[in-house]
Amino acid sequence: MNASAPSADSLRAALAALLDGLPPNRAAQAVERLIANYRGTTPTDAPVLRDRSDVAAYAAYRMPATFEAVRGALHALRVAAPDWEPRSHTDVGGGTGAASWAVAEAWEDAPPRTTVLDWAEPALTLGHELAAGVFDAEWRRERIGGALRLADADLVTVSYVLKELTEADRTALVTEAARAAQAVVIVEPGTPDGYERIIAARTQLIDAGFTVAAPCPHSGACPIVPGTDWCHFSARVSRSSLHRRVKGGSLPYEDEKYAYVVAVRFPVTPVPSRITRRPQIRKGQVLLELCGPEGLGRDTVTKRHGPLYKQARDAEWGDAWPPAD
């Protein structure tokens, strides 16, 4: 039995311990420098996480948000395939292992055998320390790019990685993930360019014979007209004191916007439709923006709909609609 269960709370506690003894100003300065570069265009053969201080500061700042985004994608996978359990998992470009924490939490009763691949040795070392006593994983240094070869695995996660790669390397990595995995989960920032990378990966996965399990309720073409909008979702993340120092904010939380695709090689039951924007609650009615098999649409749920009205008031961005009985 693990000493502690993988969860948002246990991750935050592990991260808080990282900053003990690290001067607050130094941590904030490291984050300010890294946030501008680490998820940018830095080549993968020149990682910008230079030492343990860099890694500790960046992990404390970014891991909770990455964890929550991947957690949301995995929840959608579990809804689409509730009986499926991965026995093996590869976390590509996993760094300090945020996605691996989310996978270990999702299948806590029988966590898969996980391998975390990343180029930055300090990140792997620290990730191993963070996960000690929580879940088992192999932490292995690999260059993440077109030449990467993956061992076969039930589940492959690729979170906040594609932006760091050239277009050719992105294509090669998704092709390799499709070859190696039964289920592929890709997460990117919830920005227009992040959505474009997700759509490109989604197309590749479908062409490779995969079925889209989430967020889309179908495996057809995305109904969004390019350049008019982008599909993304939101996860609420508790802010640490480091977040507040760096961003100068006073709220105890922030919302992480992310885009994702989950594609599989086994039978799934996609949701009937998905709420694609935060529900708008008006007097006596709830306005829902939806994506369904027939494309984009809207639904207005009023008190006349009885119990469905209360469910609509409780619905959140990213939820299935209508909710399962």
message: If hydrophobic clusters are built by linking Ile, Leu, Val, Met, Phe, Trp and Tyr wherever their side-chain heavy atoms come under 4.5 Å apart, do Leu165 and Val184 end up in the same one?
response: yes
- prompt: Can you name the closest pair of heavy atoms from Phe266 and Ala183 and give their distance?
  reply: CE2-CB, 4.0 Å
field: Path from Val161 to Leu205 over hydrophobic side-chain contacts below 4.5 Å
entry: yes
message: Once rounded to the nearest 0.5 Å, what's the spacing between atom OH of Tyr260 and atom OG1 of Thr157?
response: 15.0 Å
- prompt: Are Leu162 and Tyr195 connected in the hydrophobic side-chain network, where two residues link if heavy atoms are under 4.5 Å apart?
  reply: no
field: Geometric cation-pi criterion Arg87 and Trp107, 6.0 Å radius, 45° cone
entry: no
- prompt: Quick check: does any side chain N or O of Asp118 sit under 3.5 Å from a backbone N or O of Gly95, one acting as donor and the other as acceptor?
  reply: yes
- prompt: Quick one: are Glu129 and Thr125 in side-chain contact, heavy atoms under 4.5 Å?
  reply: yes
query: How far apart are the C-alpha atoms of Gln204 and Thr175, what are their side-chain angles, what is the distance that settles it, and do they pass the side-chain hydrogen bond (donor to acceptor under 3.5 Å, both in side chains) test?
result: CA-CA 7 Å; Gln204 272 191 259; Thr175 297; 3.0 Å; yes
message: Among Ile186, Ile206, Val187, Val158, which residue satisfies the side-chain contact (heavy atoms from CB on, under 4.5 Å) criterion with Val261?
response: Ile186
field: Within 6.0 Å of CZ in Arg304, more than 12 heavy atoms from elsewhere
entry: no
task: For residues Arg141 and Leu124, determine if any side-chain heavy atom of one lies less than 4.5 Å from a side-chain heavy atom of the other.
output: yes
message: With a 4.5 Å cut-off on side-chain heavy atoms, are Asp9 and Arg12 touching?
response: yes
query: Heavy-atom distance under 4.5 Å between the side chains of Leu148 and Glu176, does that happen here?
result: no
Sidechain-backbone polar pair: Thr228 side chain, Val225 backbone, donor-acceptor under 3.5 Å: yes
- prompt: Could you go step by step and tell me if Val156 and His89 meet the side chain to side chain contact (heavy atoms under 4.5 Å, CB included) rule?
  reply: CA-CA 6 Å; Val156 168; His89 164 229; over 6 Å; no
task: Answer yes or no: are there more than 12 heavy-atom neighbours, outside Glu294 itself, under 6.0 Å from its atom CD?
output: no
- prompt: Is it true that Val262 and Trp230 fall in one hydrophobic cluster, defined by side-chain heavy atoms closer than 4.5 Å?
  reply: no
- prompt: Tell me, do Asp193 and Lys163 make a side-chain contact under 4.5 Å, heavy atoms counted?
  reply: yes
field: Residue that, paired with Glu289, satisfies side-chain hydrogen bond (donor to acceptor under 3.5 Å, both in side chains) out of Arg298, Gln280, Arg278
entry: Arg298
task: Measure from NZ or CZ of Arg62 to the centre of the six-membered ring of Tyr160, then state whether that distance is under 6.0 Å and the direction lies within 45° of the axis.
output: yes
query: Is there a side chain to side chain contact (heavy atoms under 4.5 Å, CB included) between Arg170 and Arg197 once you walk through the steps?
result: CA-CA 9 Å; Arg170 285 198 294 269; Arg197 290 189 293 274; 3.8 Å; yes
task: Find the distance between OG (Ser7) and CD (Glu108) and round it off to the nearest 0.5 Å.
output: 8.0 Å
query: Are Val103 and Leu155 close enough, and set up right, to give a side chain to side chain contact (heavy atoms under 4.5 Å, CB included), and what steps lead you there?
result: CA-CA 9 Å; Val103 168; Leu155 173 64; 3.9 Å; yes
message: I need the single residue from Leu308, Val271, Asp314 that forms a side-chain contact (heavy atoms from CB on, under 4.5 Å) with Pro323. Which is it?
response: Leu308
- prompt: Parallel, tilted or perpendicular for His128 and Trp139, by the 30°/60° rule?
  reply: tilted
message: Can you tell me how far apart CZ (Phe210) and CZ (Arg265) are? Round to the nearest 0.5 Å.
response: 4.0 Å
field: Nearest atoms (heavy-atom pairs only) where Ala99 meets Ser159
entry: CB-OG, 3.7 Å
query: Within 45° of the axis and under 6.0 Å from the centre of the six-membered ring of Trp84, does NZ or CZ of Arg78 qualify?
result: no
- line: dist Leu290:CG -> Arg274:CZ (nearest 0.5 Å) comes out at 11.0 Å
- prompt: Can you tell me how far SG of Cys216 sits from CZ of Arg202, rounded to the nearest 0.5 angstrom?
  reply: 4.0 Å
task: Locate the shortest heavy-atom distance separating Asp169 from Gly146; write the atom from each residue and the value.
output: OD1-N, 3.1 Å
Donor-acceptor contact present, side-chain Ser88 to main-chain Asp154, <3.5 Å: yes
message: So does Val212 get a backbone contact from the side chain of Ser219, meaning a donor-acceptor N/O pair under 3.5 Å?
response: yes
- prompt: Run the salt bridge (charged side-chain N to carboxylate O under 4.0 Å, His left out) check on Arg71 and Glu105 step by step: do they pass?
  reply: CA-CA 8 Å; Arg71 185 192 214 181; Glu105 183 203 47; 2.7 Å; yes
message: Measuring only between side-chain heavy atoms, which start at C-beta, is Pro272 closer than 4.5 Å to Pro217?
response: no
- prompt: Trp101 and Ser10: side chain to side chain contact (heavy atoms under 4.5 Å, CB included), yes or no, with the steps?
  reply: CA-CA 10 Å; Trp101 278 75; Ser10 60; 3.4 Å; yes
query: Can you tell me if CZ on Arg179 sees more than 12 non-hydrogen neighbours from other groups inside 6.0 Å?
result: yes
- prompt: Is there a side-chain contact between Pro215 and Phe233 (heavy atoms, below 4.5 Å)?
  reply: yes
Thr114 side-chain N/O to Ser100 backbone N/O, donor-acceptor pair under 3.5 Å: no
message: With rounding to the nearest 0.5 angstrom, report the CH2 to CG distance, Trp317 to Asp255.
response: 8.0 Å
message: Is there a side-chain contact between Leu150 and Leu117 in this structure, where contact means two heavy atoms from C-beta onward sitting under 4.5 Å apart?
response: yes
query: What pair of heavy atoms forms the shortest contact from Ala213 to Ala80, and how long is it?
result: O-CB, 3.8 Å
- prompt: Under 4.0 Å between a Lys/Arg side-chain N and an Asp/Glu carboxylate O for Arg277 and Asp229?
  reply: yes
